Structures are given as structure tokens and as C-alpha cells.
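These numbers were taken from a predicted model, which means no experiment stands behind them. Numbered from 1 within each chain, the chains take letters A, B, ... in sequence-line order. Reckoned from all heavy atoms, side chains included, excluding hydrogens, waters and symmetry mates.
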2 protein chains.
Amino acid sequence: MRLSNLADYAIVIMAATARKCGGGRVSAADLALETGIPVPTAQKIVSKLSAAGLLRSTRGAGGGLQLARPAAAISMADIVEAIEGPIALVSCIDTGDCTVDHECSVKPHWPQVNAAVRGALAAVSLAKIANEAPAQKEMA
Amino acid sequence: MRLSNLADYAIVIMAATARKCGGGRVSAADLALETGIPVPTAQKIVSKLSAAGLLRSTRGAGGGLQLARPAAAISMADIVEAIEGPIALVSCIDTGDCTVDHECSVKPHWPQVNAAVRGALAAVSLAKIANEAPAQKEMA
DNA sequence: TGAAATGCGACCGAATTGATCCGAATTGGG
DNA sequence: CCCAATTCGGATCAATTCGGTCGCATTTCA
């Protein structure tokens, strides 16, 4: 019942990107420096985020990352799903096969739980996070 | 974003216990046979469940397990917390220390997400699960 | 065209999880 | 009152996954 550190980092990185992506591109190294996440790990996360279509990566010198969608259109659920795959609390739902199949009276209740969790994550948009605490780094 | 198999098993075991605990005690081995979970694993889960106060264990010959509370008073959240510890999506909340401390603009949003998740889990009681699909398996 | 910077992919180590085994405690029967 | 069977409890060991690191192909600016 705990999402992986990668997903946590991904949210931080996305927030940092939203904050710095005012008008240009940001490099993964720069984001790593900004967030304190190890550079290679940040690159790995950025790769997944790009593959998921949340970030747009520009190759070559002077390139970098930028949000593929406006910050208001990106939610925690999107980021978590990009890193961790579909939001399903149990493997049963994905594979459709419980190791203990039986009647599995629990199965009918998972969809509603999953939906609730996803809703909770979807309720928080990236714009909200970025605006919450710019802290000392107030940008004009 | 996926709870451990142990927690999943725990829910199945609790449901089976609620179903078979009509008037007596059930052995861990019997529950394992009923649910299809490996016996040693079932014992391990039962231990944690007992330690958490959800099950009452009776030692000795003819002993076994029984629900410590009525099924209606036990929710998924209780079981998950018994196995996985407190429901916190990120380690930051527990430890109070992010590896990337910075401003951590994400932190203020976690409590509401955690509460929503916990609420979703607490909304499903063990009685509901046990009543959903008794021993018989309807045609699908 | 050349060189530098960047993102991308694969490899390796560490940690948590999951499964197994053995020992201690308790009760029922003789 | 003693013995034995059955049970839970804890400790140990292997496996899968996650996290971190390194090297390379690609792409752009000079």
C-alpha cells in the first residue's frame, strides 16, 4: 500500500518541470540538480515519463524536457500510472487469475476501491502542486 | 501502487474465517486448505493478524482461530493496516524526511490522498465480502 | 562537417517480499 | 498425574522486484 520511490520522484520532477518550464526546455541534469534526485535516476524517470507522453523530450545540444500537456491537465494519477502501470491494488485484476481462484469473494469489491483510489489521485493536478509551495524560489 | 500479496491473502483468509467461524474455531491449516494459500504462508499471515488484534488465536489441541470482532466491524483498511502498516502512499509522511527535502510542494497534498485511499478501503467491511459470494459459485 | 550535449537503453547491486522449516506452548486423553 | 497430539509463534533462507550506475546511439549548434 505504498507507491514506489520512482513514482514519488516522478511527481517531484514533474512539479519542478512545471515550475521551470516557463518558456523553454529543461535538461534532465538540471532537474536532478533542482530536485536533489540522483542524475541517472532522474534520467530513468524522465525516460518513462516521455514514453508515457507526459513529457516531450528534445534531443541534441540545447535540448531538454518540457511538459507535453498544460500543468492543469496532468494529475497525480497520470504520473503514477506512467511509472507504475495501471492503478490496480491487486494483481488479480490485471492478470484475471488469482492463484487462489475459488470463489474469491473479494474480487467484486476491488473495482470500486480502485476507482476510489484513482479518483483521489486524479483530484490533485500538477498545477495545484506547482502553485502550492514555490517556497523561496519565487519566479516572476 | 499495489498492495502486497500478503495483504491480499490476508483479506481472503479473513473472509474464509468469517464464513467458517460460525460457531467455533478454525485451524490455520484448514484455512490454508480452504483458500488454497500455502500453509506456512497462511500461518505467517495469521500470526500478523492475531498480533494486530483482528483474530483471536487459541493454542493447543482442538484450538484454532476466530474473529476477534464481528465481521461487520472489520474493514479492508483494518486488514491492510495489520499487514502493511499504516496506510501512507509515500515514506515521507512516516519518516518526516524526504531525501529531497527542498520545498517538496507535493507533501501538503498527501494527507488528503491518504485519507481518500483509507476511506475507500474502510468502506468495504468484512461482512460485505463474506456475504458477497458464499461457498457456492454462481455461473459466470 | 565536426564536436558537444542530450536522451536512451542495458547491466549490476541492494532491499524488501515471499515461502519454508523448526521450536515452544497448550490442551485432551489415558 | 503423565503422555502425546495438535496448534501457534518465531527464525531462517531463497526469489523477485526495485533502485542506482554506466556506456552508447542520436541529434543539434557552431
Side-chain angles (χ1 to χ4, degrees), chain A residues 1-10 12-13 17 24-33 35-66 68 80 82-85 89-91 94-95 98-100, chain B residues 1-10 12-13 17 21 24-33 35-66 68 80 82-85 88-91 94-95 98-100:
Chain A
M1 204 53 235
R2 188 162 301 175
L3 50 82
S4 65
N5 295 344
L6 275 308
D8 189 8
Y9 289 169
V12 177
I13 286 181
T17 306
R25 288 150 293 279
V26 197
S27 70
D30 196 11
L31 283 175
L33 182 65
T35 56
I37 299 174
V39 180
T41 302
Q43 285 186 352
K44 187 184 183 70
I45 294 173
V46 162
S47 301
K48 282 198 167 186
L49 255 30
S50 304
L54 293 178
L55 284 180
R56 171 140 305 207
S57 66
T58 307
R59 290 275 272 264
L65 291 315
Q66 54 186 1
V80 171
I83 300 294
E84 303 236 329
L89 269 63
V90 288
S91 327
D94 277 348
T95 64
C98 301
T99 45
V100 291
Chain B
M1 204 50 235
R2 188 162 299 175
L3 51 80
S4 65
N5 295 344
L6 275 309
D8 189 7
Y9 289 169
V12 176
I13 287 180
T17 306
C21 187
R25 289 150 294 279
V26 196
S27 70
D30 197 10
L31 284 175
L33 181 65
T35 56
I37 299 172
V39 180
T41 302
Q43 285 186 352
K44 186 184 183 70
I45 294 172
V46 161
S47 301
K48 282 198 167 185
L49 254 31
S50 303
L54 293 178
L55 284 180
R56 170 139 306 207
S57 65
T58 308
R59 291 275 272 265
L65 291 315
Q66 54 186 0
V80 170
I83 301 294
E84 303 236 329
L89 269 62
V90 289
S91 326
D94 278 348
T95 64
C98 300
T99 45
V100 290

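- Taking the side chain of A:S50 as heavy atoms from C-beta on, and the options D:dG9, C:dG28, C:dC8, the nearest nucleotide is C:dC8.
- No donor-acceptor pair under 3.5 Å is formed between the side chain of A:Q43 and the backbone N or O of A:A28.
- Between the CG atom of A:L65 and the CG atom of A:L55 there is a distance of 5.0 Å, given to the nearest 0.5 Å.
- Side-chain contact between B:L49 and B:I83: present, with at least one pair of heavy atoms (C-beta onward) separated by less than 4.5 Å.
- Atom NZ in B:K44 sits about 10 Å away from atom P in D:dG10, given to the nearest Å.
- Atom-to-atom, CZ of A:R59 to C1' of D:dA25 comes out at 7 Å; the value is rounded to the nearest Å.
- Between B:N5 atom CG and C:dT16 atom C1' there is a gap of 13 Å when expressed in whole angstrom units.
- Of the candidates C:dT17, C:dT20, C:dC8, C:dC8 carries the atom nearest the A:V46 side chain, counting heavy atoms from C-beta on.
- Nearest heavy atom pair, residue A:T58 against residue A:Q66, reads OG1-NE2, 4.4 Å.
- Mapping A:P40 and B:A7 onto DNA chain C by nearest heavy atom places A:P40 closer to the 5' end of the strand.
- Counting only heavy atoms from C-beta on, B:S27 has its side chain closest to D:dT7 among D:dC29, C:dC21, D:dT7.
- Mapping A:Q43 and A:T58 onto DNA chain D by nearest heavy atom places A:Q43 at the nucleotide closer to the 5' end.
- Of all nucleotides listed (D:dC8, D:dT28, D:dT21), D:dC8 comes nearest to the side chain of B:L65.
- When heavy atoms are screened at a 4.0 angstrom cut-off, B:A29 is found touching no nucleic acid atom at all.
- Atom CZ in A:R56 sits about 17 Å away from atom C1' in C:dT6, given to the nearest Å.
- Note: CG (B:L6) to P (C:dT20) measures 12 Å, nearest angstrom.
- Whole-Å rounding puts the B:I45 CD1 to C:dG18 P distance at 9 Å.
- Side-chain proximity of A:P38 to the nucleotides C:dC8, D:dT21, D:dC18 is greatest for D:dT21.
- A sub-4.0 Å separation between OP1 or OP2 of D:dG20 and a side-chain N or O of A:T41 is present.
- Residue A:S47 has no polar side-chain atom (N or O) positioned under 4.0 Å from OP1 or OP2 of C:dG9.
- As rounded to whole Å, 8 Å separates atom P of D:dG19 from atom OH of A:Y9.
- Distance B:Q66 CD to D:dT7 C1': 14 Å, rounded to the nearest Å.
- Counting all heavy atoms, side chain and backbone alike, B:I37 lies closest to B:A42 at CG2-N, 4.1 Å.
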